[in-house]
Colleague: 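Pasting a structure below so you can have a look.
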Amino acid sequence: MHRVHNFSAGPATLPIEALQKAQSELLDYHGKGASIMEMSHRGAEYTEVNSQAVTRFRRLLGVGEEFEVLFLQGGASSQFMMVPYNYLRENETADYLNTGSWSKKAIKEARLFGNVNIGYSSEDKNFASVPGDGELGLTPDAKYVHFTSNNTIFGTEYKKEPETNGVPLVCDASSNFLSRPVDMSKYGIIYAGAQKNLGPAGVTVVIIRKDFLEKAHTDKIPTMLKYQTHAEKLFNTPPSFAVYMVNLVMEWLEEKGGIAAMDKINEEKAELLYGEIDKDEFYKGTVEPKSRSRMNVTFRLGSEDLEKKFISEAANNGMIGLKGHRSVGGVRASIYNACSLDSVKTLVSFMDEFRKSNG
Ligand SMILES: *Cc1c(COP(=O)(O)O)cnc(C)c1O
């Protein structure tokens, strides 16, 4: 079997242990003679998978039943609309922190429903930073403060939650969820498309605090777009195979030691890679060092031709997914939880060689 070192931004690499377990159960799930994806979502087998996954999220985050765990469809992009649909009306205000393309998309949707106050923006410097303490301009009675905890395209990340004086946070954590500890007491909602750090594409994990759920509007919201619908019961067919895969990835995460262990190894991986970038001027990081992401490491080389050469030689050496997003260019190495230290070491030694032969 041949596996590459996969630095794809998403859908992204998954833990080999989770893939192998899925492979071994694919045709005959627990002796039932059918795959889990061929079974009723109301049957005992899938019910168990779903509830295991819910329990694992709560356990990993250190929370209890005060948080609902929902497995929805439509991607993180649908949450951009669902959040304001449930929480924002014409005479109400929400604060949004504008730190990249995904934040901008969330802002555009929120403006369809109510007032949006931009509490911070790094757009004028091509999104090279996230806010530090004291850089926010927030509305005291905002319904919520929305932020993007990791900016997948630009390569910036919050080191801790923005300070909101008690206003609930709503967070798009699609590209760093469960990669570092979070202070759950500050959140109304955390959502994440699974395909970066949690599993395959097809499911969006939405974690919502019950007392925040109670504050949602209920009138004139289509049934499927109302959080309450999904919190009450399994309303319709969930993306059962994707949830099954997410559950296997969460099992792997718990076996690895949970978020605390991941936090440590993610720090080690990022330090190695940024250390290589910072050695001299051959590689140039694209964002302010204090805002650097541990998940998506973005950098440029001396010319676009050299970047092309870098990406193609890397591919010849078994490293894929390194091309920067089309709106930024350059190189992006996505090193989510499932990207191993070994893969990062392989990339770093390739970068060293490449500098020697092209510097
Ligand atoms: C990938 C990504 C999205 C979009 O997710 P979809 O599941 O494709 O809708 C939104 N936000 C962030 C931070 C992302 O990285």
Side-chain angles (χ1 to χ4, degrees), residues 6-14 70-85 96-110 112 120-123 126-131 144-159 161-162 169-180 182 187 189-207 224-225 230 238-239 241-243 245-246 249 266 286-287 291-298 321-328 332-339:
N6 187 350
F7 300 98
S8 171
T13 192
L14 291 170
L70 314 178
F71 301 121
L72 306 184
Q73 298 186 59
S77 300
S78 290
Q79 294 307 304
F80 298 163
M81 156 273 289
M82 232 172 123
V83 167
Y85 217 145
Y96 275 71
L97 310 185
N98 183 19
T99 55
S101 319
W102 299 116
S103 304
K104 274 180 79 171
K105 288 183 172 166
I107 289 164
K108 177 168 178 251
E109 299 299 283
L112 298 172
Y120 174 85
S121 179
S122 49
E123 189 162 8
N126 200 28
F127 296 116
S129 67
V130 293
Y144 58 87
V145 177
H146 182 284
F147 76 113
T148 314
S149 54
N150 182 75
N151 297 282
T152 326
I153 292 174
F154 291 94
T156 62
E157 182 178 17
Y158 290 78
K159 302 289 173 284
E161 286 82 8
L169 287 170
V170 173
C171 178
D172 175 3
S174 291
S175 50
N176 74 344
F177 198 36
L178 307 186
S179 75
R180 57 164 68 239
V182 283
Y187 291 86
I189 297 179
I190 300 191
Y191 62 89
Q195 69 271 24
K196 275 94 181 208
N197 216 17
L198 305 175
V203 60
T204 308
V205 179
V206 179
I207 306 209
M224 277 297 286
L225 300 182
H230 303 283
F241 193 69
V243 174
M245 283 305 307
V246 166
V249 175
N266 286 330
T286 57
V287 303
S291 298
R292 280 173 166 176
S293 168
R294 302 197 308 190
M295 298 278 101
N296 308 98
V297 178
T298 51
L322 286 164
K323 195 169 187 298
H325 189 274
R326 59 193 182 278
S327 63
V328 181
R332 169 176 55 175
S334 299
I335 52 172
Y336 303 121
N337 284 352
C339 177

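When a residue number appears, it is its place in the shown sequence, counting from 1. Start at 1 and go down the list; that is how both ligands and their atoms are numbered. All of these numbers come straight from a predicted model, not from anything done at the bench.
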Colleague: In terms of the angle between their ring planes, are Y191 and H146 parallel, tilted or perpendicular, with boundaries placed at 30° and 60°?
Modeller: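 Geometry flag for H146 against Y191: tilted rings.
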
Colleague: Please state whether Q195 comes within less than 4.0 angstrom of ligand 1, counting heavy atoms only.
Modeller: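 The answer is yes, since Q195 has a heavy atom less than 4.0 Å from ligand 1.
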
Colleague: If only atom types and distance count, is the side chain of S175 paired as donor or acceptor with the main-chain N or O of N150 below 3.5 Å?
Modeller: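 At least one qualifying donor-acceptor pair exists.
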
Colleague: Looking only at protein heavy atoms, which one is nearest to atom 11 (N) of ligand 1, and what is the separation?
Modeller: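 Here the nearest protein heavy atom works out to D172 OD2, 2.6 Å.
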
Colleague: Against heavy atoms of N150, which atoms of ligand 1 measure under 4.0 Å?
Modeller: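 Counting from 1, the qualifying ligand atoms are 13 (C).
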
Colleague: Give the residue and atom name of whichever protein heavy atom lies nearest to atom 9 (O) of ligand 1, and the separation in Å to one decimal.
Modeller: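 Result: S77 OG, 2.6 Å.
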
Colleague: Should the heavy atoms of other residues, nucleotides or ligands under 6.0 Å from NZ of K108 be counted, would the total exceed 12?
Modeller: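 Result for NZ/K108: open.
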
Colleague: Rounded to the nearest 0.5 Å, how far apart are CG of D172 and OG1 of T152?
Modeller: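 One gets 7.0 Å once the value is rounded to the nearest 0.5 Å.
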
Colleague: Please tell me whether N151 and E157 have a donor and an acceptor in their side chains that are separated by less than 3.5 angstrom.
Modeller: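 There is no such pair between these side chains.
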
Colleague: Where is the nearest protein heavy atom to atom 1 (C) of ligand 1: which residue, which atom, and how far?
Modeller: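 In this structure, atom 1 (C) of ligand 1 has K196 NZ, 1.3 Å as its nearest protein heavy atom.
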
Colleague: Does any N or O of ligand 1 fall below 3.5 Å from an N or O anywhere on A76, backbone included?
Modeller: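 By distance alone, the answer is yes.
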
Colleague: How many angstroms lie between atom CZ of F154 and atom NE2 of H325, to the nearest 0.5 angstrom?
Modeller: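 Here the rounded value is 8.0 Å.
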
Colleague: Go through ligand 1 atom by atom and flag the ones less than 4.0 Å from a non-hydrogen atom of S174.
Modeller: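 Every atom of ligand 1 under 4.0 Å from some heavy atom of S174: 10 (C), 11 (N), 12 (C), 13 (C), 14 (C), 15 (O).
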
Colleague: Could you list the atoms of ligand 1 found under 4.0 angstrom from a heavy atom of F80?
Modeller: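 Numbered from 1, ligand 1 contributes 10 (C).
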
Colleague: With atoms numbered from 1 as shown, which atoms in ligand 1 lie under 4.0 angstrom from a non-hydrogen atom of T148?
Modeller: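 Those qualifying, in numeric order: 13 (C).
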
Colleague: Hey, is K105 touching ligand 1 through its side chain, its backbone, both or neither, going by heavy atoms under 4.0 Å?
Modeller: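 For K105, there is no contact with ligand 1 at all, from either part.
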
Colleague: How long is the straight-line distance from CG of L169 back to CZ of F147, given to the nearest 0.5 Å?
Modeller: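 One gets 5.0 Å once the value is rounded to the nearest 0.5 Å.
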
Colleague: Of the protein's non-hydrogen atoms, which lies at the shortest distance from atom 15 (O) of ligand 1, and what is that distance?
Modeller: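 Here the closest protein heavy atom is T152 OG1, 2.4 Å.
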
Colleague: Can you tell me how far apart CG (L198) and OG1 (T204) are? Round to the nearest 0.5 Å.
Modeller: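 Taking CG in L198 and OG1 in T204, the distance rounds to 10.0 Å.
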
